[in-house]
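One structure is given below, encoded as structure tokens.
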Amino acid sequence: MPLKIYNVLTRQKEEFKPLTEGKVNMYVCGPTVYDYSHIGHAKTYVGFDVVVRYLRHLGYDVLYVQNITDVGHMLDTGEDRILRKARQMSAKPMQVVETYTREYFADMDALGVRRPDISPRASAHVPEQIAMTQDLIAKGHAYEVDGSVYFDVGSFPEYGKLSGRIVEDLEEGTRIAVREEKKHPADFALWKKAEPEHILRWDSPWGEGFPGWHIECSAMANKYLGQTFDIHGGGIDNIFPHNECEIAQSEAAHGETFARYWMLTGSLTLEGIKMSKSLGNTLTIKDALARWRAEAIRTFILSSHYNNPIDFSDEAIEAAFKGWQRIWGAVSLTREQLRQAAPGEANPAVLAMLDGVKADFIEKMNDDFNAPAALAVLQELTRKVNTLLNEQGPHSQGTLQAIDQLYRELGGDVLGIVPEQADAGANAEREDGLVRLLINLRAQARANRDWATADQIRNQLKELGIALEDRADGTIWKAE
RNA sequence: GGCGACGUGGCCGAGUGGUUAGGCAGAGGUCUGCAAAACCUUCUACACCGGUUCGAACCCGGUCGUCGCCUCCA
């Protein structure tokens, strides 16, 4: 089965055929860097991380662009959120931007989200945004009023085709005070005149100002991916107006299709309620990582299809963590047995089983990146592997390597939930040696039926977060 | 009010016109010095009401409910 993607634009699943064979150009709306990233960002970007990882796994040459918004996002009050934060922090706006951009990348790195190939900043692409705005004016899709430029929604009949919004309805439903200077309430700003107190400002043909909040994505996507590209992603909450405006600007300016496939991720709620600053129910990625390991967070996110909303709760992530532990336990056991395995070819029956699992996994992922179903395939693999390792054996190096390899490929490379090694810390090997030393001492105690000593070692290690498991073929340890 | 999505067992969550999702939790068992892990068995399903069909949880209509967007949001 070929890869199918649910295209929000057409509201149906379509076979994925990139513009250029073997190559995927992809754009995902990035964060506005005015504060720490929260668990909702994690859902969106882990989701697309897996999309990109999987496309690459299929052999596509992916160019992944994700912007950093550092200018232009306005609050209801008309105030730029970055400027407000700068004032609160008594810092320069670009200090705020720099600080939270770094934090964003640090959080994403910690979550195992691979970095985009290009992370263009809006503030570094003002000339491109101005040029595009000029182009839109020249083509009759935008007009200037008193130093600001607005997109003329009436000039683009297809406006609303992504979100299903109808311009006439917007006019009636709009609750914001209609700006006098706009021709139509649905018209949106491409360029805004800077009031004197607005210190994020650039020169333009219309005087000093700053870009509107949608034009950056159009301008930067065009710059790095061309007029038409394959996949545009983002959170569903941006479908209107942001994504809709991107399409209008780009297609009005270029006369070409903007993005061919639109993939939008469902939102995340916290204990059933949407996160918001005013309710105080936000959970930053840093706080989440302090409580759960990255793989648990990823497993939680991937246990629901990317386009569905999910609710974050302690119970839900705890269940995901335990599910992940099962998989990780089997991987660890495989690697442990590999340490002592005798050289030898892989067992053909096992290879056949692994091939079947892989085909299954691919089939699920080809169905619009169905990660939860793919995760279930890994769970079934895990049951088979556990049976194999616990009830048969010993197994040859070849067999164990094949198992480990499949976990690395599907669980590691594609889903990002199976680490290369138990602990990547600098002292990992030393720690392993020390624990093994204690395991050997304890083994002697056990041989002498000195259960008190044996239990003491196990209990004290447990308190240090190291769990021992006695098996017929020896004792293994796990960090918790 | 408008647009959209969704309602699956104790919980989280896939999927499908007739054939096991999977995980977590619960119960019983095997193994074990004990523990842990693992494996085996097992109990709760498809919001409600109509309709189409040999047969619907899956298709259609309606009702109720939840959520998202329409205003900054990933």
Side-chain angles (χ1 to χ4, degrees), chain A residues 8 11 28-32 34 37-48 66 69 73-81 160 163-166 168-170 172-177 186 213 233-242 244 264-269 272-277 299-300 302-305 307-311 313 315-327 329-330 332-333 364 367 370-380 382-391 446 449-451 454-455 458-459 462 467-472 475-476 478:
Chain A
V8 179
R11 306 256 163 211
V28 171
C29 288
T32 301
Y34 69 100
S37 299
H38 54 64
I39 197 75
H41 294 106
K43 176 184 184 328
T44 301
Y45 300 120
V46 166
F48 284 111
Q66 184 193 108
T69 297
H73 265 191
M74 313 298 285
L75 295 157
D76 294 351
T77 56
E79 188 183 21
D80 186 303
R81 54 202 329 153
S163 60
R165 223 55 62 112
I166 297 163
E168 291 78 61
D169 296 343
L170 292 173
E172 291 164 18
T174 192
R175 276 185 261 143
I176 48 166
W213 44 285
I236 187 75
D237 44 354
N238 267 336
I239 190 171
F240 190 89
H242 183 66
E244 199 67 70
L264 301 177
T265 56
S267 300
L268 179 146
T269 50
I273 330 168
K274 183 168 171 142
M275 280 188 281
S276 80
K277 290 268 156 63
T299 302
F300 165 72
L302 297 177
S303 68
S304 159
H305 188 85
N307 67 16
N308 284 152
I310 54 176
D311 184 48
S313 63
E315 298 74 27
I317 194 169
E318 202 57 42
F321 172 58
K322 288 187 176 157
W324 173 80
Q325 276 187 313
R326 276 191 87 239
I327 294 172
S332 303
L333 187 55
K364 304 299 185 195
D367 184 14
N370 194 335
L375 221 39
V377 172
L378 285 191
Q379 289 289 2
E380 282 166 16
T382 295
R383 180 158 24 78
K384 289 174 185 158
V385 168
N386 276 328
T387 300
L388 210 59
L389 300 188
N390 286 308
E391 292 171 16
R446 292 181 74 215
R449 306 188 69 81
D450 177 5
W451 308 126
D455 289 349
R458 187 172 62 195
N459 292 340
K462 179 89 180 169
L468 299 189
E469 288 174 22
D470 296 324
R471 303 169 44 78
T475 301
I476 60 173
K478 277 182 200 154

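Chain letters run A, B, ... following the sequence lines, proteins first, then strands; residues in each count from 1.
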Determine the interatomic distance between [atom1] on [N] and the same-named atom on [M]; round to the nearest Å.
N: B/G22; M: B/G62; atom1: P; result: 35 Å
N: B/C60; M: B/G18; atom1: P; result: 15 Å
N: B/A37; M: B/G50; atom1: P; result: 48 Å
N: B/G13; M: B/G23; atom1: C1'; result: 8 Å
N: B/G15; M: B/C48; atom1: C1'; result: 23 Å
N: B/U52; M: B/G4; atom1: C1'; result: 27 Å
N: B/G33; M: B/C43; atom1: C1'; result: 33 Å

pair [X]-[Y]: side-chain heavy atoms closer than 4.5 Å:
X: A/Thr69; Y: A/Pro31; answer: no
X: A/Ile239; Y: A/Val8; answer: yes
X: A/Thr387; Y: A/Lys384; answer: no
X: A/Leu375; Y: A/Thr299; answer: yes
X: A/Met275; Y: A/Thr269; answer: no
X: A/Arg471; Y: A/Asn390; answer: yes

Assign [X] to base, sugar-phosphate, or nothing according to its heavy-atom contacts below 4.0 angstrom with the strands shown.
X: A/Arg458; result: base
X: A/Asn307; result: nothing
X: A/His38; result: base
X: A/Gly30; result: sugar-phosphate
X: A/Glu469; result: base
X: A/Leu468; result: base
X: A/Ser304; result: sugar-phosphate
X: A/Gly40; result: base
X: A/Glu391; result: sugar-phosphate
X: A/Ile476; result: nothing

Check every atom of [options] against the side chain of [X] and return the nucleotide holding the closest atom.
X: A/Phe240; options: B/C70, B/C34, B/A74; result: B/C70
X: A/Arg165; options: B/G33, B/G13, B/C3; result: B/C3
X: A/Ser267; options: B/C73, B/A74, B/A14; result: B/A74
X: A/Ile236; options: B/A38, B/A14, B/G68; result: B/G68
X: A/Ile310; options: B/G13, B/A14, B/G2; result: B/G13
X: A/Asn238; options: B/A38, B/G4, B/C73; result: B/C73

Spacing between [X] atom [atom1] and [N] atom [atom2], to the nearest angstrom:
X: A/Ile317; N: B/C24; atom1: CD1; atom2: C1'; result: 13 Å
X: A/Phe321; N: B/G13; atom1: CZ; atom2: C1'; result: 19 Å
X: A/Phe300; N: B/G22; atom1: CZ; atom2: C1'; result: 16 Å
X: A/Glu244; N: B/G68; atom1: CD; atom2: C1'; result: 16 Å
X: A/Arg326; N: B/A37; atom1: CZ; atom2: P; result: 12 Å
X: A/Asp311; N: B/C67; atom1: CG; atom2: P; result: 11 Å
X: A/Asn386; N: B/A36; atom1: CG; atom2: P; result: 17 Å
X: A/Glu380; N: B/G15; atom1: CD; atom2: C1'; result: 13 Å

May I ask you to verify if any side-chain N or O of [X] is less than 4.0 angstrom from the OP1 or OP2 atom of [N]?
X: A/Lys478; N: B/A37; result: no
X: A/Asn308; N: B/A5; result: no
X: A/Ser163; N: B/C69; result: no

Got a donor-acceptor pair under 3.5 Å from the side chain of [X] to the base of [N]?
X: A/Asp455; N: B/G33; result: yes
X: A/Asn390; N: B/C31; result: no
X: A/Arg383; N: B/C39; result: no

Aromatic-base stack, A/Trp451 on B/G33, cutoff 5.5 Å, angle under 30 | yes

Is the shortest side-chain N to carboxylate O distance from A/Lys364 to A/Asp367 below 4.0 Å?
->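 Looking at A/Lys364 and A/Asp367, the cut-off is not met.
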
Is A/Glu469 salt-bridged to A/Lys478, cutoff N-O under 4.0 Å?
-> yes

Should stems be defined as at least three consecutive Watson-Crick or G-U pairs with both distances under 3.5 angstrom, which of them involve RNA chain B?
->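 If one scans RNA chain B for consecutive Watson-Crick or G-U pairs, the stems found are B:1-7 with B:64-70, B:10-12 with B:22-24, B:26-30 with B:38-42, B:47-51 with B:59-63.
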
Of A/Ala454 and A/Ala467, whose nearest nucleotide on RNA chain B comes first from the 5' end?
->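 Between the two, 5'-proximity favours A/Ala454.
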
